[in-house]
Amino acid sequence: MFTGIVTAIGMVRRVDRNGDTRMEISCPFNTHDLDIGASVLCSGACMTVIDKGAFWFAVSVSRESLSKTTLEAWTEGTKINLERALRAGDEMGGHIVSGHVDGVGHLTTLKPEGGSTRMIFEAPKSLSRFIASKGSITIDGVSLTVNDVRETLFDINVIPHTKEVTTLSERLTGDPVNLEIDMLAKYVARLQEFTL
């Protein structure tokens, strides 16, 4: 379980595509207390640590994960948002994030607004009904508040601090992003199916 509060930016340092894809990720934190088998949120996708060294760890990415996320396009040098799993007693600063990417969206528009940036994304039609104005959404592992929704389009505001500590500052129009819908929205929609 995660919160969507990015704690570091890592970088893919190696990709091996034999069977399941193995990725090695450089990170700015010491991995001495990162256990093999631990979960790390990698730009929104929960990955299991299978190997590690000083300031790097490795994950194994299944074909299923590659087909449902942006990880297929990651290469050496790709920067990614990192968050270690939530521990009992940690501050819950964002919202409940599972790390199970629901689909890939695309950035359609960037607009400066004061010191912030308004970003408009297009979500897959199958996900758009779960996105609500003033609700939460996770984009590339970042917990954000939805400003407005128009059919499959939704927009968010990114403050300077968030741009500074995440990879959202590097997103360009047309870029794909990992989306995770608010877990509560999914459960409410599922319950409605049984009451209608």
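What you see is a predicted model, and the numbers here were worked out from it, not measured in a lab. For the numbers below, each heavy atom of this structure counts, side chains included, while hydrogens, waters and symmetry mates do not.
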*Does a donor on one side chain sit under 3.5 Å from an acceptor on the other, for Ser133 and Asp148?*
no
*Indicate, with yes or no, if Val49 and Leu41 share a hydrophobic cluster defined by side-chain heavy-atom contacts under 4.5 Å among Ile, Leu, Val, Met, Phe, Trp and Tyr.*
no
_With a 4.0 Å cut-off on N to O distance, would you call Lys68 and Asp102 a salt bridge?_
no
*Looking only at non-hydrogen atoms, find the nearest pair between Leu34 and Val40 and report the distance.*
CD1-CG2, 3.9 Å
_Test side chain to side chain donor-acceptor pair (under 3.5 Å) on Asn178 and Thr70; report intermediate values, then the result._
CA-CA 6 Å; Asn178 290 322; Thr70 63; 3.2 Å; yes
*More than 12 foreign heavy atoms under 6.0 Å from CZ of Arg63: is that the case here?*
no
*Looking only at side chains, do Thr173 and His106 share a donor and an acceptor under 3.5 Å apart?*
no
_side-chain hydrogen bond (donor to acceptor under 3.5 Å, both in side chains) contacts in which one or both residues fall within residues 36-57, not counting sequence neighbours_ = Arg22-Asp51
*Please lay out, stage by stage, how Thr145 and Ile156 fare under the test side chain to side chain contact (heavy atoms under 4.5 Å, CB included).*
CA-CA 6 Å; Thr145 302; Ile156 58 160; over 6 Å; no
_Could you measure the distance from the OG1 atom of Thr166 to the CG atom of Asn81? Nearest 0.5 Å is fine._
5.0 Å
_For the student: nearest non-hydrogen atoms of Ser128 and Thr152, plus distance_ = CB-CA, 3.9 Å
*Are Val12 and Ile50 grouped together when hydrophobic residues (ILVMFWY) are joined by side-chain heavy atoms under 4.5 angstrom apart?*
no
*asked:* Taking the side chain as everything from C-beta on, heavy atoms only, tell me whether Ile25 gets closer than 4.5 Å to Met11.
replied: no
_Residues which pass salt bridge (charged side-chain N to carboxylate O under 4.0 Å, His left out) with Asp33, listed by chain and number, not counting sequence neighbours_ = Arg84, Arg87
*Would you say the side chain of His95 lies within less than 4.5 Å of the side chain of Asp182, judging by non-hydrogen atoms?*
yes
*asked:* Could you measure the distance from the CD1 atom of Ile159 to the CD atom of Glu113? Nearest 0.5 Å is fine.
replied: 14.0 Å
*Is there any ring-ring contact (aromatic ring centres under 6.0 Å, His included) pair reaching into residues 26-47, and which pairs are they, with sequence neighbours excluded?*
none
_Nearest heavy atoms of Thr7 and Glu83, plus distance in Å_ = OG1-CA, 3.6 Å
*Take atom CD in Glu151; do more than 12 heavy atoms of anything else shown fall under 6.0 Å from it?*
no
*Side chains of Val6 and Leu82: does their closest heavy-atom pair fall under 4.5 Å?*
no
*Determine, step by step, whether Thr138 and Leu144 satisfy the side chain to side chain contact (heavy atoms under 4.5 Å, CB included) criterion, reporting the C-alpha distance in whole Å, the side-chain angles of both residues, the deciding distance to 0.1 Å, and the verdict.*
CA-CA 6 Å; Thr138 308; Leu144 295 157; over 6 Å; no
*asked:* Side chains of Met119 and Thr109, heavy atoms from C-beta outward: is any pair under 4.5 Å?
replied: no
*Given side chain to side chain contact (heavy atoms under 4.5 Å, CB included), test Lys111 with Thr117 step by step and report yes or no.*
CA-CA 6 Å; Lys111 292 182 185 176; Thr117 303; over 6 Å; no
*Do Leu107 and Leu168 share a hydrophobic cluster (ILVMFWY, side-chain heavy atoms under 4.5 Å, transitive)?*
yes
*Using a side-chain heavy atom cutoff under 4.5 Å and only I, L, V, M, F, W and Y, what cluster partners does Ile9 have?*
none
_Whether Thr162 side chain and Val158 backbone form a donor-acceptor pair below 3.5 Å_ = no
_Smallest separation among heavy atoms of Val104 and Pro124, with atom names_ = O-CG, 3.3 Å
*Least distance between heavy atoms, Val97 atom then Gly4 atom*: CG2-N, 3.7 Å
*Apply side-chain contact (heavy atoms from CB on, under 4.5 Å) to Ser62 and list each qualifying residue two or more places apart in sequence or on a separate chain.*
Asp20, Glu64, Ser65
_If the condition is side-chain contact (heavy atoms from CB on, under 4.5 Å), which residues does Arg14 pass it with, not counting sequence neighbours?_
Asp16, Glu24
*asked:* Enumerate the salt bridge (charged side-chain N to carboxylate O under 4.0 Å, His left out) contacts for residues 160-169, please, sequence neighbours excluded, ordered by first and then second residue.
replied: none
_My understanding is that only residues two or more places apart in sequence, or in another chain, count here; which of them pass side-chain contact (heavy atoms from CB on, under 4.5 Å) with Glu76?_
none
*Residues two or more places apart in sequence or in another chain: which of them pass side chain to side chain donor-acceptor pair (under 3.5 Å) with Thr31?*
none
*Measure the shortest side-chain to side-chain distance between Cys42 and Trp74 over non-hydrogen atoms and say whether it is less than 4.5 angstrom.*
yes
_Residues which pass side-chain contact (heavy atoms from CB on, under 4.5 Å) with Pro28, listed by chain and number, not counting sequence neighbours_ = Ala8
*Using distance alone, with no hydrogens and no angle criterion, decide if Ser98 and Glu180 have a side-chain donor and acceptor under 3.5 Å apart.*
yes
*Is the closest side-chain heavy-atom distance between Ser136 and Ile181 below 4.5 Å?*
no
*Taking only residues at least two apart or on different chains, which pairs with a member in residues 135-164 satisfy ring-ring contact (aromatic ring centres under 6.0 Å, His included)?*
Phe121-Phe154
_Is there a side-chain contact between Ile80 and Thr167 in this structure, where contact means two heavy atoms from C-beta onward sitting under 4.5 Å apart?_
no
*Share the residues that join Leu153 in a hydrophobic cluster, the rule being Ile, Leu, Val, Met, Phe, Trp or Tyr side chains under 4.5 Å apart at the heavy-atom level.*
Ile120
*Considering only heavy atoms from C-beta outward, does the side chain of Cys46 approach that of Phe2 to under 4.5 Å?*
yes
*Got a second to check how far Phe55's CZ is from Ser26's OG, nearest 0.5 Å?*
11.0 Å
*Treating Ile, Leu, Val, Met, Phe, Trp and Tyr as nodes and any side-chain heavy-atom pair under 4.5 angstrom as an edge, say whether Met1 and Met47 lie in one connected cluster.*
no
_Please determine whether residues Val177 and Val101 belong to a single hydrophobic cluster, defined as Ile, Leu, Val, Met, Phe, Trp and Tyr linked transitively by side-chain heavy-atom distances below 4.5 Å._
no
*Heavy-atom closest contact (Ser116 atom, Asn157 atom, distance)*: CB-ND2, 4.2 Å
